[in-house]
Amino acid sequence: MDLLADTGFTSDAADPEWDGVAAAETRQEALYLEIEGWEGPLDLLLDLARRQKVDLRKISILELVDQYLTYIEQAGALRLELAADYLVMAAWLAYLKSALLLPKDEQEDPSPEELALRLQLRLQRLGAMREAAARLMGRDRLGRDVFPRGAPEGLRVERRNMWQCSWFDLIRAYGDVKVRSEPVVHMVRERMVMTLDSAIARVSSMLGISLDWMDLRDFLPPARDSWANPQLRRSALASSFVAALELARTGKAEIAQEETFGPLRLKAVRA
Amino acid sequence: MTPDEPATPDALVRAVEATLFAAEEPMTAEAISTHLGQAEVRGALAELQRHYEGRGIRLVERGRHWHFETAPDLAHLLRREKEELRRLSRAATEVLAIVAYHEPVSRAEIESIRGVQTAKGTLDVLMEAGWVRVAGRREVPGRPVIYATTPDFLAHFGLKSLKELPGIDELRAAGLLDPVDDDMIEAALGGGESADEGEDDETLTEPGQNNDGVASSGESA
Amino acid sequence: MTPDEPATPDALVRAVEATLFAAEEPMTAEAISTHLGQAEVRGALAELQRHYEGRGIRLVERGRHWHFETAPDLAHLLRREKEELRRLSRAATEVLAIVAYHEPVSRAEIESIRGVQTAKGTLDVLMEAGWVRVAGRREVPGRPVIYATTPDFLAHFGLKSLKELPGIDELRAAGLLDPVDDDMIEAALGGGESADEGEDDETLTEPGQNNDGVASSGESA
């Protein structure tokens, strides 16, 4: 259909601003060719109705139906491929026309008058929206007729953080740091230990005095003063144990244990 | 304000004036108030509006948002500099009018009024322009998406609210804005299934595809 | 123009006002004149300038170009600060406490005390909060930056001086150092996960990994 280009086929998205199909056209010839210029049967009906040049409320539906049917007939005669929806409307209007002409008592519900009225209302509604659109577009429009400030400075809201921290959180954080860091930083210096050397010296000198088996624990310094510190006692026990192993390795002492986890006993080896 | 308006506006009026002048977007009274430390600004807005009456620029309220704009009678002086607005298609202008006068409306309702299917692109164009937005779904079977206008729409067309739409009261009084409920004509218009309000993206029933019988009857009519 | 300026400006004044308002760039008098069909606009510019004196905006001429701008005394309205309350992170709180107890301290010293590396951002946050400041450099090789607390810090925590911070003994008495013994034992026995608390930073020292000898000695003892 080459006609489409000329008639401004209305594919919804891309047609130019409407300047009125009806106004542009008077000759019958052109009318046939414009079938694609209408947006569907209702659009065509509205256009035909407007040609009656009366208020849509006073439009003669019978006359309108005749016009539509004539139009469709002529378009068909020109072998235009009429869209099916135009033909459906034609069929319905033909039915409406015959119903309107029938004697009143043979009518169904809803009555043809009622249907005609509804069609009229539909045309009015579409007509009203079409006019409203035109009036809307004709208003003083921002960016076309009235203008906002060309170069506003702009308002900036700058977010600023208000940091919050309670006194208790601060103090507790310091406590946590101290707790966490003390083993790492101070462990070696502050922790009292019995060195291996002193343990070897103590164990070997005590072994020299005693002739009998002695429990390893008896080699520990008496639990008095700082030696009462349980940590130091653990250290002393560990060091004394290693000292005992060392003395056994160099053949200066014997080690005996009756059972697993039983007391560990020590005795000097007499050369 | 009477003609004997003070030569120098008070501090709040000045602050509101400066804020609205500097703002890049129209502002609600609440936003202005927030910006100015919770001051009550309505009086100042009214005074400013009066002050600018008759000047080359004016203060207007659009959908509860306030902004300064040039006086409409000076359009002829300013228009030449500005590039023309993108022209809307006839379909788009109609759809826009239907959304504005009937909002919120579903696409099926728009189509019912126009008597034709509306391409998805038409609503997209209006949404892209910032004049129409999706306003939720209607709680009926199919939960169709419904559309409404935006504050930008009011600002663009110079409307304080939808109540100022030209002729809206008369149209309402004449019943022309009532919901459409007319299955019979609906069917005749080829829309067919008027209940078919479902998703936008699906093509509505292609009219007259299985209507060969009817079509030929129409031809012979 | 006298104070009895006419309530309604004349057509040319209005045109100039609207033109400058809508202009995207400052305009020379000549450009305005050209725009308005060669009208003589200097009088109108002068009248507008007088009119806007004392208002929230004013008309200014800069390098022969005219434009509207916010009145200088209202410039603060263009940049409003919004404050958001934010809680200091645990890492930042610890660093703050260390600075308070040990000031002035270098970052390396803070890290050494915390046992974890301290992200630069942590100190930045404290400086943004206004509680910590750079207090010079330590005169040692590398000249590290040292940090100290600010008067705002004292004010925020309600302290007259840093001496009011509780001492180690008071911390212990308050039970804030209680976990010490447990931790030490755990570290000594090879449990040693106690330092694994850093949110932002890497653990430097892995305590108590080489104590197997002691453990086994205990077992066989």
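None of these values were measured; they are calculated from a predicted model.
Of the options Ile57(B), Leu78(B), Leu74(B), a side chain to side chain contact (heavy atoms under 4.5 Å, CB included) to Phe147(A) is made by Leu78(B) and by none of the others.
Using a distance-only test at 3.5 Å, with no hydrogens or angles considered, a donor-acceptor pair links the side chain of Arg125(A) to the main chain of Asp178(B).
Considering every non-hydrogen atom in both Ala128(A) and Leu171(B), the closest pair reads CB-CD2, 3.5 Å. Listed here is the closest heavy atom pair of Pro72(B) and Asp140(A): CB-OD2, 3.0 Å. The two residues Ile113(B) and Leu42(A) have their closest heavy-atom pair at O-CD2, 3.6 Å. Pro166(B) and Leu136(A) make their closest contact through CD-CD1, 4.4 Å (heavy atoms, listed as atom of the first residue, atom of the second, distance). The two residues Phe21(B) and Pro152(A) come nearest to each other via the heavy atoms O-CB, 3.9 Å.
For chain B, the option among Ala134(A), Ala132(A), Gly154(A) with the highest count of heavy-atom pairs below 4.5 Å is Gly154(A). Residue with the most contacts toward chain B among Arg57(A), Glu131(A), Arg135(A): Arg135(A) (heavy-atom pairs, distance under 4.5 Å).
Evaluation of the salt bridge (charged side-chain N to carboxylate O under 4.0 Å, His left out) rule for Arg133(B) yields no partner, not counting sequence neighbours.
Residues of residues 22-33 of chain B having a heavy atom under 4.5 Å from any heavy atom of chain A, listed by number: Ala22(B), Ala23(B), Glu24(B), Met27(B).
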Where do Arg90(B) and Arg130(A) land on the side-chain contact (heavy atoms from CB on, under 4.5 Å) test, with the steps shown first? CA-CA 9 Å; Arg90(B) 166 185 157 189; Arg130(A) 199 156 280 178; 2.8 Å; yes
Worked verdict on Leu96(B) versus Met137(A) for side-chain contact (heavy atoms from CB on, under 4.5 Å): CA-CA 10 Å; Leu96(B) 180 61; Met137(A) 294 301 138; 3.7 Å; yes
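Both the backbone and the side chain of Phe157(B) have a heavy atom closer than 4.5 Å to some heavy atom of chain A.
Looking at Arg114(B) and Met129(A), their side chains never come closer than 4.5 Å, going by heavy atoms from C-beta outward. At least one side-chain heavy atom of Leu142(A) sits under 4.5 Å from a side-chain heavy atom of His67(B).
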